[in-house]
Amino acid sequence: MSSNIRVQRICQYCGTEFTARTTTTLYCSHRCNSTAYKQKIRAGKVQKSNTETKQIKTKPIEELKTKEFLTVTDVSKLINCSRQNVYKLINTGKLKATNVLERKTIIRRSDLDKIFNEVPEIEMIPEQQKRDLYEWRQSGAYDISDCYTLKEIQSKYGISETALQNLIERESIAKIKKGWYAYVPKNIIDDLLKQKKK
């Protein structure tokens, strides 16, 4: 039994407007339907091939991630840098390594991980800030989420930048710079400025 439905649709292959007999018809002709199907199959094969290639390329890296002890070459592949840069990390003391043979240097995977678990700004800030960071951690190891930026304090308490800087210096509050911002612990600032409001 033929359908009496007549709807205007756009062919999803050639983009031509056509009259269809069902609301689910996607193509204007058998030719467009067949060509679109072949393209879909071809695209699926290409995607499968790309996925297989990616797996082959990443397999060595995945295997390296499971190793407990790494060579200098292994480390250079894992962190995508030259062997020379790995030796620089070792020679500057940033990465621990052991010479088991005359030309065989071994690095623990756990020691490599430590580099990336350290506070990222530590190498970018001056010595005074590093000392502040140490004091800050000693005094309670505040997380950034437990801190205000200086702008946030000024906005919340209506205090000028000069007055805030004087308060931080007078009360010896640890101020840590991360990127463009300086952070101070919320609880210390709140206690001091709420008391002043009273």
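Computed from heavy atoms alone, side chains included, the values below leave out hydrogens, waters and symmetry copies.
You'll find the side chain of Ile10 stays beyond 4.5 Å of the side chain of Thr16, heavy atoms only. Side-chain atoms of Leu150 and Gln165, non-hydrogen and from C-beta on, do get closer than 4.5 Å to each other. Here the side chains of Val72 and Ile107 are in contact, with some heavy-atom distance below 4.5 Å. For the pair Ile90 and Thr105, the minimum side-chain heavy-atom distance is below 4.5 Å. Here the side chains of Thr22 and Ile5 are not in contact, with every heavy-atom distance at 4.5 Å or above.
For Arg108, the CZ atom sits in a loose shell: 12 or fewer heavy atoms of surrounding residues, nucleotides or ligands are nearer than 6.0 Å. For Gln8, the CD atom counts as densely surrounded, since its 6.0 Å shell holds more than 12 non-hydrogen atoms of other residues, nucleotides or ligands. Heavy-atom neighbours of Lys88 NZ from other residues, nucleotides or ligands within 6.0 Å: at or below the threshold of 12. Remark: Phe69 CZ is packed, more than 12 non-hydrogen atoms of other residues, nucleotides or ligands lying under 6.0 Å away. Sparse packing is recorded around CD of Glu161, with 12 or fewer heavy atoms of other residues, nucleotides or ligands lying under 6.0 Å away.
No donor-acceptor pair closer than 3.5 Å links the side chain of Asn33 to the backbone N or O of Ser29. Using a distance-only test at 3.5 Å, with no hydrogens or angles considered, no donor-acceptor pair links the side chain of Arg9 to the main chain of Glu17. With Glu171 contributing its side chain and Ile168 its backbone, the two residues share no donor-acceptor pair below 3.5 Å. Judged purely by atom type and a 3.5 angstrom limit, Ser34 has no side-chain atom pairing as donor or acceptor with the backbone of Arg31. With hydrogens and angles disregarded, a donor-acceptor distance shorter than 3.5 Å links the side chain of Thr51 to the backbone of Gln47. Judged purely by atom type and a 3.5 angstrom limit, Asp74 uses its side chain to pair as donor or acceptor with the backbone of Thr71.
Atoms CD and NZ, from Glu152 and Lys186 in turn, are 7.0 Å apart once rounded to the nearest 0.5 Å. Taking CZ of Arg170 as the reference point, atom CG of Leu192 lies at 8.5 Å (rounded to 0.5 Å). Here the CG-CG distance, from Leu89 to Leu112, works out to 8.5 Å after rounding to the nearest 0.5 Å. Note: Gln12 CD to Cys28 SG = 11.5 Å, rounded to the nearest 0.5 Å. Taken from CG in Asn91 to CD in Gln84, the straight-line distance is 10.0 Å, to the nearest 0.5 Å. A distance of 5.0 Å separates CD1 in Ile153 from CG in Leu164, rounded to the nearest 0.5 Å.
With hydrogens and angles left out, the side-chain atoms of Tyr148 and Asp190 include a donor and acceptor closer than 3.5 Å. Judged by distance alone, the side chains of Ser76 and Thr73 never bring a donor and an acceptor atom under 3.5 Å apart. Residues Thr53 and Asn50 have side chains that never bring a donor and an acceptor to within less than 3.5 angstrom of each other.
Shown here are the side-chain hydrogen bond (donor to acceptor under 3.5 Å, both in side chains) partners of Ser82, two or more places apart in sequence or in another chain: Asn85. Every side-chain contact (heavy atoms from CB on, under 4.5 Å) that Thr162 has, sequence neighbours left out, goes to Ser160, Asn166.
Note: the hydrophobic cluster containing Tyr27 does not contain Phe18 (ILVMFWY, side chain heavy atoms under 4.5 Å, direct or indirect links). By the criterion of side-chain heavy atoms lying less than 4.5 angstrom apart, applied directly or through intervening Ile, Leu, Val, Met, Phe, Trp or Tyr residues, Tyr13 is grouped together with Leu26 in one hydrophobic cluster.
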Item to complete: Could you walk me through whether Leu193 and Ile159 pass side-chain contact (heavy atoms from CB on, under 4.5 Å), step by step?
Response: CA-CA 9 Å; Leu193 293 180; Ile159 186 173; 4.2 Å; yes
